[in-house]
Every structure is written in structure tokens, then in C-alpha cells.
Amino acid sequence: MPTRRRPRSPSSDDTRAKRARVTNWSKREPVSSSSFSSKRCEAWFHEYTSPDEDEISPEGMEKFCEDIGVEPENIVMLSLAWKLKANRMGYFTAEEWAKGMKDIQCDSTEKLQQKLDYLKTLLDHPVHFKNIYRYAFDFAREKDQRSMDIDTAKAMLSLALGKHWSLYGSFHQFLEQSKYKVINKDQWCNILEFSRSVAADLSNYDEDGAWPVLLDEFVDWFKEQKKNS
Amino acid sequence: MPLSSPNKISLTEQPKVDEIRENKRKRNDENNPSPLKRARELDDPANMTDSQRKPNFSALTTPNNGITRHSSPLSNNKPGAAKKLVIKNFKEKPKMPENFQQETWRKLCEAVEAIHKSCSIRYSLEELYQAVENMCSYKMSANLYEQLKLVCEAHVRTCLEQFKADNSDYEQFLKLLDFCWQAHCRQMIMIRSIFLFLDRTFVLQNSTILSIWDMGLDLFRANVISDKVVEVKTVDGLLRLIERERNGEAVNRQLLKSLLRMLSDLQIYKEAFEKKFLEATDRLYAAEGQQLMQERDVPEYLHHVDKRLNEETERLLHYLDQSTKKPLIACVEKQLIDQHLPQILNKGLDNMLQENRIGDLMLLYQLFTRVNHGQKDLCSMFAVYIKKAGRMIVINNENDPDKDKEMVQKLLDFKDKIDNIIDVCFGKSEKFVNAMKESFENFINQRQNKPAELIAKYVDSKLKAGNKEATEEELEHLLDKIMVLFRFIHGKDVFEAFYKKDLAKRLLMSKSASVDAEKSMLSKLKQECGAAFTSKLEGMFKDMDLSKDLSLALKPYMQNLDVAGLIDLTVNILTMGYWPTYTPMEVHLPPEMIRYQEIFKKFYLGKHSGRKLQWQPSLGHCVLKAQFPSANKELQVSLFQSLCLLLFNTGNVLTYEEILTATAIEESELKRTLQSLACGKPTLRVLSKKPKGRDIEDGDKFYFNEEFKHPLFRIRINQVQMKETPEENTSTTERVFHDRQYQVDAAIVRIMKTRKTLSHNLLISELFNQLKFPVKPTDLKKRIESLIDRDYMERDKDNPNNYHYVA
């Protein structure tokens, strides 16, 4: 399926880069308690599944979050999911788990808890964040849809951009009143670009630019609101 | 022989040489009278007594001067007298009378004074001329010249006195001056004739000395005209005379001419007169321009300007010096036209164009061509007018259908009018033609789609049968004119959609007035927009031809089958895609018809297997035989109408609901059908309805009209002309927009496929180049996004302004 292939292919480069970084890190801090064990990791995985399943379902996920002491809505979970290359929100497959946890050298709750800070720092890195943000679209959308429905989109946007983008509040309002029912990937990606490159007073916004119509409409709406108030 | 005087020897010998030469010359002269002789005759003072000399007299005689100089008295002697000369020379040198110079001068002076006083001269002119010649021969030329000058100067001075003393009005003064000048010229000519020898010898040898004529002019200039009082008075007088003429009075043009001629002759025309004259002209016309611009309307003003220009040209012809022509005309043009360009255009152009004032416009163009920017400004204002007037025709904010109906005819008339103005008034100037085209294109596209639609409908109305108002040529001519309008339209696809819809109607209902006209229109469209544009339309014609052949083949097939019941079936096969899309309707056909359909289906699919036939009941029409009590008739009706009418074979009364269930025709369609049968023209009501009324309501009852009467045997009952329902209109328009979307998509993919990677702005501008219809950037963006969403292209990860093509 081309849709699945496409978003993946470019990320293979990132993985290689990351792998290098991980090894560096492990050298710096030579094995906190004990070295990584695939067996332990697998056992750890099965703590959150029913015996015959090979994926963590939303219930298991809830327990997992509880164990590592993170709210499920915490953005660090997005970062973790990205690390694990989880395909679907609320689920980790055995394969994703084994490969991803090995990458970050975690085979227990404690080790992962120690890693949380590192996962948080990834979010502050612009390049990583962009990749995580783009990944979030495919992660969060319904797998049988090409686009993300508007409610999920709003939730994900507030999770990802709510704190960083000063216009997010307005944008949220705009989506509330707009007729859009879904957000496609292009729109999703450009919202991040917009939030990064256009000033809060829209002074450097170019109406002849390539912004998707959604964002042009947002700007028009925003200006209209300002004029009325 | 005394050798003491070497001079004598040389004197003796010299003539000898001369003699031989002279002899030779004489012999020649006998055959060929020398120019010298003729010149002498002409120069003879006696001949000059009639004093009507032209001032250029000296010019006429000048070429002879060189020859006369050679003619010393010696050479005049006859060949036989040569010896005498020799002898005379040996005599004692003749002595000049003591008082020769004084005496001769006295004589001459007397003559000159007599000339000055215009009284008769005591001596013959011949004598005086001889006197001058003698004096010159005795080297008294310089003296003579000086003395002559003194005498003349003294005389001129006396003239001056009379001007200074003169207090009469300027016209009198001018006349006096003119008289004096004329006299002076006459006198100088006379004097010069007498002193011709001096003029030809002494003066010519000394380039610093003025000829007698020039001396006369110089004296007059230096002593009379250069006098401030006289000069000012003269020039002012002239200016006042001209001003009076400009104000419409008749003045003495001869006087003006003569005096201005004098100024030119005296070479003070430019400094003394022209400058002041131009200043006065400038002042006058500046004031006049200002005033008349206020007072008069523009055409009147233009005529006045034209009149002024003509007057000034005439003035140039009659008395002004030709050198004044350029600055004078320029001055008038500047003050009367150039200064008022914007006012003239703003105040008058629109009206003149509106009222089609050919003559005035022609004049306007002529006048404006005279000044810089005149044509350019006129052209741009002309364009503004066309845009404004065109908008009035095209824009219809209230959507008044009557106004729309007239639009195309008005546009054609407007175009004719403008063309005529350009042809007749603006000299068919390329610039104006282009401005016109640009303006038409501008205003006609200010309202989207509607003009294209109306032009298509206008063509339909002209090509429809029953349009007998035009002959073939007129129709052809009209179509040509429509094509010109069509050329300006941006959304040609809208035209095509509506044209196609109407063409389909014409073809299927055989309503087309003339196949030739249809084909000619088609070829015009093809020429204008290319084969791709008309391929579908041509396909429609092809379908019609094929269907005709098919019907011919069908007939024997039917006869072979020997089907019961005689229905003549004609089927038109319409290739899907060529024709407008018709929404298929399911209706209940009578069993006979269904049987025929089956037979045809078998027949057709037997010929062309694998095709799918879909019947379009909405396009069918039938001829029904009807037996009314009064007479038998043939009714030409649509398929829907016949379905309704056939029901009355079973009973004379039917309710609306019964008809609805029996035919299954869509309700609004059925209502219209019944309306045409029961509520049309009273003479065409084959059904009657209860209760009576124009509209069909549920529960209405319909009866077979037994009283139906009509003079004709075959009657056509038209469908109630659906005035093209708004839905139909919007659906056509929508279909156009839909097609446009595909065109945009195709163009984007085409561009991206060749360029692979392209920035947003370049892609947009490339699209604007390729797309033939008006489109907004936002719409393009939407299509781009849609293509991104469908994986035809993608946005660059790091630069959202760049797109990549996705193979």
C-alpha cells in the first residue's frame, strides 16, 4: 500500500542517525543496572497483554502508563510511540516493542522511567519534533481513512502545538466554526510550518504563498475577528 | 620717337594685341550677337524710365556685370578706327575740364534730388548714365558713392521728420509709412538705374561696400525704422491691425502685406516683429482658450479651434512671412489644444462617442493628431469610454432577464458603432483598434460566464428554423460578427456547453434553419479555437448522418419482419460524450413501442455488438393520428405528450393521478406536458381540463376534447417552452466548472511531470499561461492540494513552497 510505504521510507535515515546516538549514549553511561536482555524485554511486554495476544491493547496501555507514571495524554507518550514506530494509536505490537525497546535499551519499567527525560528532550529538538509531528498524523488517523477526522486533529494539535504556538487558541476556534470535517496530511504538515514561520501578528504572512487554503482561510478569519473586536 | 615715356610704347602696343583679339571677337559677334550687347541694351537708362521696377532688378542684371566691366570705351570702337586711336594717343593728353567733377556731380545731384522730389529730371537719363560712367572711369567712384549716400541719407532723414511729427492714428501712420516706403523703393530703383555703372564697377569690386539698393535699404533701416518711436509705432500698429482682423474685422491686408514685406526686406522682421507677434498671439489664444473652454461645449470649441487654425494659415498665406508658420501654428495648437487636452477629453469625448458625432470626432482626431500625446491621450480615454459603456451593457446586477436578452444585440450594435468611428474618424489607426479590442475583452469578461452563455443562445436563435429575418449572406455576416465578440470571451468552455445543448435540440428536433449555416458556424469555431474544441460538435453531426443511414437500413429489416401495426420508427443514435448529458428517465411505454424498441435493439446490436443502448424518452417525438368528431388530424407531439394522449384510447376521462401512474413521467415534466395539451392556445387544446385554469393541480380531471377544430390537418403541439429552467442553467454551468477542474488537474500534472520540482509561484504562473478560462489562485491551490492528497505530487518536506512530482 503506497500510503503506508511513503511516510515510512524517509524515516529510515533518521533511524540510522538515532542508532548512532544511542550507542554513544550507552557508552557515556555504562549500563545503569544491567545490560539489555531481549528475554526480559519480552516478559515485560507480556505483563501488559493477555497471554495469547501479541499486541498491547488500549487497556494494557493504560496499565503501562500507570506503571511508568505517565498520563496517557502526555506528549512524551507520542515521543515513545515514535521511537517504537508504533503504527496505531493505543496499540504496541510485539514486534514494535521488541525492536523499539532494544533501540533505547530498555527492558524494564525502571529503565524506561530513566529514559523519559531523554524522550522529552527529543520534543524540544526542532528536527526531531518535526519528524514526531509528521509521524503523529499517520499514528493518530484511522487506518482506513486517508485523513484525520477533525476531532482527533484538534486533540492532537493541542497536544503537539498547544504550548508552543501562540495562535493555537485562535486556530482551534477557527476549526470549531469551520466546515472542515477532516484534516489531510498536507494540511497537517503545513500547520506546523505555519506555526513556526509565520509571526503571531501575521505580519510576514504571504497571501500568494503556497499555504493550503485551510490556512489562508484561517488568516482571513483571524483578521476578520480582529477587526470586529 | 621720344623714348622718355615708356608708357606710350606700352600704350601703342597694347591696343594692337587688343585689336587682333577684338577682330576675332567681332567676327564671332556678327553671327552671334554677344550677350554683352544685349546687356547694354537692357542696362540702357533710357529703358528704365518706366519706373515700375521690381525690387529684384539688380539681381536680374547682376550676371551681366562682369561683362560690362570689360567693355571699356576703347573696345567699343570699330576695327577701322584702330588707327585713329593710335594717332589720338600720340596727341597731347586730353585734359579734363577743371570743374568736371563738380559739374557732373551737380548734374547728378540735381537729378537725384528731382527723383526724391518726384519731379521731372532736366537731363536725359542717357546723359546722366554717361556722366556716372565717366566719373567712374576717372576714378571718382569712391567719392561719387559717398556723395550719393549723403544725398540719399539726407532725404531719408527728412522722411523721418514727418513720421515723428505724425500724430494721426496708427492706421494712418501705417499708410503713410507704407507710402513712404514704396516711394523710397521706387526712388532707389531709379537712382540705381542712373548709377548703374557705379553699382557694377566700384561696388562690385569692394565687397565691404553695399550695393546702391542695399544702401538704400540700410539707410531706411538705420534712419527711419530703427528710430524707436517709429519702430514701436509700426509694430504696434501692425499688431493692432492683426488683432482687429482676428476679432473678425476686415482690414487692409494689402497694407499689412506690404509693411511686413518691408520688415523682411529690411531684415528686422524676426527681431522687431515676429517675437512680439508670437507673444501677442500666445496671450490672445491663452485667454481665448481659457474662456471658451468654460463657455462652449466641446464640439463647438473644436470647431472654433479649427476655424482659428484655418485663419492663421490664411494669414500666413496672405501677409505673414513663411518663416513664422511653424512657431505660429505651434503656438495656436499649444494654447487652444494642448493646454486643454484633459478638459476636452473629460468634458466632451464621452458625449461625442455616445451620440456618435462622426464629424466632430473626426475633427477631434485631426486636431489631437497635431499635438504631442494628443493621440495617445485620446486613445486611452477612448478605451476608458468603451469599458464604461460596455460595462453598462454587460453588467446586470438585478439579473433582469429582459436586459440579458438584449445584451448580445446591443453588444453587436455597440461594436459596429465603435468600428465605424475608428474607421471614419480615427483613420483606422492600429493603436485605436488595439485599444478597442483590449477594452472589449476587458469589459465583456467583467461578468463571468453570462456573456458566453448569451452569445451561444443568440447564435441558437439565429440558427433556429423559422428565423426568416435574414438571407444566407446576412446570416453569414452576422455569424462573423458574433465570432468577433466570441473572440473576446475568456470562458469559451461555457459557450461550448450552451452551444452544444442548443445544437442538440436543433438537430434532434430538426429545427435547424440551414445545414450550411450550421456547418459554417462550426468551421468558424474550429478556426477560432482549434479542432479539439469542435470535435464533439462535429461528432454530433456525424451521429445524425449515421442515424439517417441507419434508418434507411432499418426500413427493409422491419418489412422483412412484417411486424403487426404500422409504426414508422426512426432512431437517432447519440454517442455518449459528444452530446450533452441527459438524465435518463424511466417511463411506461405502451407495449407496441416496447416491442419496436426490442426489434431495433436486436437490429442494432446485430450490426454493432458490444454496444449499450440507452433510450432517452425525453428526446423522442411522435406523429399521432387522431379522430376527432369534426375531422381526422395528425398531431405532431413529443413522446411524453403522446404517452398522455394514448391513454385516452381507453377512456375519455382521466385524473391527473391516473395519468401519473400510467405513464410514470416525472411530475413536473408531466404537468408541463398536460399544460401543453389542455391549457395551450384555445385552438390547440386537444384535451380539456376541469376545473379550468392555467396550472395543473393534483386531482384535476382531463377529458378528450370532442369539439376540437383546427383548419390544418397536421398540427404541431409544442411543449410548453420550458424557459430553460434555472436548474438546467445551473447544471450546465456546473458541468462547465467540473470540466474546468479536470482541466486544471491535467494542467498541473502535465507541468509537474515535465518540471519534476517546481516552486508554488512558478507553478501558478505557468498554470495561468496554460489555462484558457478565468480562474482564481485559490481554486488552483485547492486543486493542488487535492492532487497532493491523491499522491500525484508532494510538498517538499523542508520547504513548503516547493512541490515534487510523484511518479
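In what follows, chains are A, B, ... by sequence order, proteins preceding strands, each numbered from 1. Quick note: numbers below take in every heavy atom, side chains included, and nothing from hydrogens, waters or symmetry partners.
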Could you state the interatomic distance from [atom1] ([X]) to [atom2] ([Y]), rounded to the nearest 0.5 Å?
{"X": "A:Asp208", "Y": "B:Ser765", "atom1": "CG", "atom2": "OG", "value": "11.5 Å"}
{"X": "B:Ile788", "Y": "A:Asn190", "atom1": "CD1", "atom2": "CG", "value": "7.5 Å"}
{"X": "B:Thr778", "Y": "A:Asp220", "atom1": "OG1", "atom2": "CG", "value": "8.5 Å"}
{"X": "B:Glu794", "Y": "A:Asp186", "atom1": "CD", "atom2": "CG", "value": "10.0 Å"}
{"X": "B:Asp796", "Y": "A:Cys189", "atom1": "CG", "atom2": "SG", "value": "11.5 Å"}

For B:Arg795 and A:Pro212, work out which heavy atoms get closest and say how close.
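Where B:Arg795 meets A:Pro212 most closely, the heavy atoms are NH2-CG, 3.5 Å.
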Grab the two heavy atoms, one from A:Val213 and one from B:Lys782, that are nearest each other, plus how far apart they are.
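In terms of heavy atoms, the two residues are closest at CG2-CG, 3.6 Å.
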Where does A:Glu207 contact chain B at under 4.5 Å (heavy atoms): side chain, backbone, both or neither?
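Just the backbone, heavy atoms under 4.5 Å.
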What part of B:Pro800 gets within 4.5 angstrom of chain A, counting heavy atoms only: side chain, backbone, both, or neither?
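For B:Pro800, heavy atoms of backbone and side chain both lie under 4.5 Å from chain A.
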Contact class of B:Asp798 relative to chain A, heavy atoms under 4.5 angstrom
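The answer is both parts of B:Asp798.
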When you check the gap from the basic side-chain N to the acidic O, do B:Asp789 and A:Lys185 get nearer than 4.0 Å?
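Between A:Lys185 and B:Asp789 there is no salt bridge, as every charged N stays at least 4.0 Å from the carboxylate O atoms.
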Evaluate the side-chain proximity of A:Arg146 to B:Asp791: yes if any heavy-atom separation is below 4.5 Å, no if none is.
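Yes - at least one pair of side-chain heavy atoms lies under 4.5 Å apart.
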Does the A:Arg134 side chain pair with the main chain of B:Lys797, one donor and one acceptor, at a distance under 3.5 Å?
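Checked: pair present.
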Polar side-chain atom of B:Lys781 near backbone of A:Ala210 as donor-acceptor pair, under 3.5 Å:
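Not at all, since once roles are kept as given, no pair shorter than 3.5 Å links the two residues.
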